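Remember, predicted model here, so these are calculated numbers, not experimental data. Excluded from the calculations below are hydrogen atoms, water molecules and symmetry mates; all remaining heavy atoms, backbone and side chain alike, are included. Each ligand, and each atom within it, is numbered from 1 in the order the structure gives.
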Amino acid sequence: MIHATAIVKSKIPESCVIHPYVVIGENVVLGGNCVIHSFVVISDHCEIAKNVEIFPGAYIGKEPKNTGALTHQPRFKRKLKIDSDCSIGPHAVIYYDVEISHNTLIGDGASIREQCVIGSKVIIGRYVTLNYDVKIGNRTKIMDHTWLAGNMEVGEDVFISGGVMTANDNNIGLAEYADHLTGPNIANRSRIGIGAIILPNVTIEQNSLVAAGSVVTKDVVANSSVKGMPARGY
Ligand SMILES: CC(C)(COP(=O)(O)OP(=O)(O)OC[C@H]1O[C@@H](n2cnc3c(N)ncnc32)[C@H](O)[C@@H]1OP(=O)(O)O)[C@@H](O)C(=O)NCCC(=O)NCCS
């Protein structure tokens with residue numbers, strides 16, 4: 001069913017429900033049984049597999065804009081893939097050149113920049129921001145309001161609590177370093193407590209625990225726990 005007010009420029013399977021005021025661009029592929037709620041915009045060339053539900057006001061396939069104000073030049077292809085059985089929350093913004101694997105939940109108002117790759121059964125909580133080129137492994141959970149810096153990696157089965165902040169720039173905004181920024185690397189099964197801060201280039205090895213509110217300035221070895229500012233083993 002396609003509502004009369006929707007603007008749909010691609011061929012959509014009959015089993016999909018397209019609510020009022022949706023805009024779907026050209027060469028969009030939708031699988032069966034997708035539900036696209038009101039005021040969603042899906043840009044040209046996006047690919048969305050079966051059983052995906054997209055809640056009102058989400059923007060799928062936003063083009064990063066370079067007005068000359070950015071120091072990091074966005075790199076992206078005009079494509080985007082959301083695999084089957086995902087749910088995309090209201091007002092989420094997913095840029096072009098993002099891949100999301102099956103059964104993943106994207107929370108209300110989340111913002112996901114170009115070149116991000118997200119595994120299956122992942123939770124991206126409400127108002128989480130993933131900057132450019134963030135890779136997230138299967139079954140990882142990232143809770144509300146966390147901010148992941150550009151060019152970083154999170155493994156599988158990781159738990160990142162709410163309000164965690166990460167950084168990728170020890171030169172703090174000096175333009176000449178913009179293309180050499182690396183965020184932290186958080187390995188499989190690690191757990192990051194609420195409000196922790198993790199500085200650039202730090203590796204948190206597998207199965208580690210970072211206590212709430214810690215400031216992690218150095219690598220954390222596997223199977224260990226750290227706390228405090230600066231974070232130290234305990
Ligand atoms: C790290 C943590 C698991 C430790 O819990 P615990 O083993 O029960 O530790 P205790 O509360 O017995 O505290 C042990 C000591 O560490 C200190 N401590 C505990 N948490 C700390 C933290 N986040 N930062 C610095 N010191 C901390 C305590 O003050 C205490 O110090 P003391 O021995 O000098 O009195 C816990 O404090 C924590 O940070 N939990 C994270 C909760 C969270 O973010 N959940 C997310 C989902 S909502």
Among all the protein's non-hydrogen atoms, which is closest to atom 4 (C) of ligand 1, and how far away is it?
Tyr234 OH, 4.0 Å
What is the closest protein heavy atom to atom 3 (C) of ligand 1, and at what distance does it sit?
Leu209 CD2, 4.2 Å
Looking at atom 20 (N) of ligand 1, tell me if a protein heavy atom falls under 4.0 Å from it.
no
Smallest heavy-atom separation, Ala222 atom then Glu205 atom, equals N-OE1, 3.0 Å
Protein contact of atom 39 (O) of ligand 1 - nearest heavy atom, named by residue and atom, plus distance:
Ala212 N, 2.8 Å
Sub-4.0 Å atoms of ligand 1 with respect to non-hydrogen atoms of Gly193
44 (O)
Is atom 23 (N) of ligand 1 touching the protein, meaning some protein heavy atom lies under 4.0 Å away?
yes
Salt bridge (charged side-chain N to carboxylate O under 4.0 Å, His left out) with Asp97: which of Lys79, Arg78, Lys81?
Lys79
If we count only non-hydrogen protein atoms and require a distance under 4.0 Å, does atom 8 (O) of ligand 1 qualify as touching the protein?
no
Is there at least one protein heavy-atom neighbour under 4.0 Å from atom 42 (C) of ligand 1?
no
Heavy-atom distances under 4.0 Å are what count here, so tell me which part of Ser161 touches ligand 1: side chain, backbone, both or neither.
side chain
The single option from Asn138, Asn188, Thr140 that satisfies side-chain hydrogen bond (donor to acceptor under 3.5 Å, both in side chains) with Glu156 is Asn138
Against heavy atoms of Ala211, which atoms of ligand 1 measure under 4.0 Å?
1 (C), 22 (C), 23 (N), 39 (O)
Give a yes or no on whether atom 28 (C) of ligand 1 lies under 4.0 Å from any heavy atom of the protein.
no
Out of Arg232, Met229, Met143, Lys227, who gets a non-hydrogen atom closest to atom 31 (O) of ligand 1?
Lys227
Between His3 and His19, ring centroids under 6.0 Å
no
Within the protein, is there a heavy atom lying under 4.0 Å from atom 12 (O) of ligand 1?
no
Does atom 36 (C) of ligand 1 have a protein non-hydrogen atom under 4.0 Å from it?
no
Is it true that, when you exclude Glu14 itself, more than 12 heavy atoms of the residues, nucleotides or ligands shown sit nearer than 6.0 Å to its CD?
no
Taking all atoms of both residues into account, what is the closest heavy-atom pair of Gly89 and Ala58, and its distance?
O-CB, 3.8 Å
Residues Arg189, Asp157: salt bridge by 4.0 Å N-O rule
no
Between Phe159 and Arg191, is there a cation-pi geometry (under 6.0 Å to ring centre, at most 45° from the normal)?
no
Looking only at protein heavy atoms, which one is nearest to atom 48 (S) of ligand 1, and what is the separation?
Ile194 CD1, 4.8 Å
Would you mind reporting whether Asn131 and Trp147 have side-chain heavy atoms less than 4.5 Å apart?
yes
Check: Ile94 and Ile100 side chains under 4.5 Å, non-hydrogen atoms:
yes
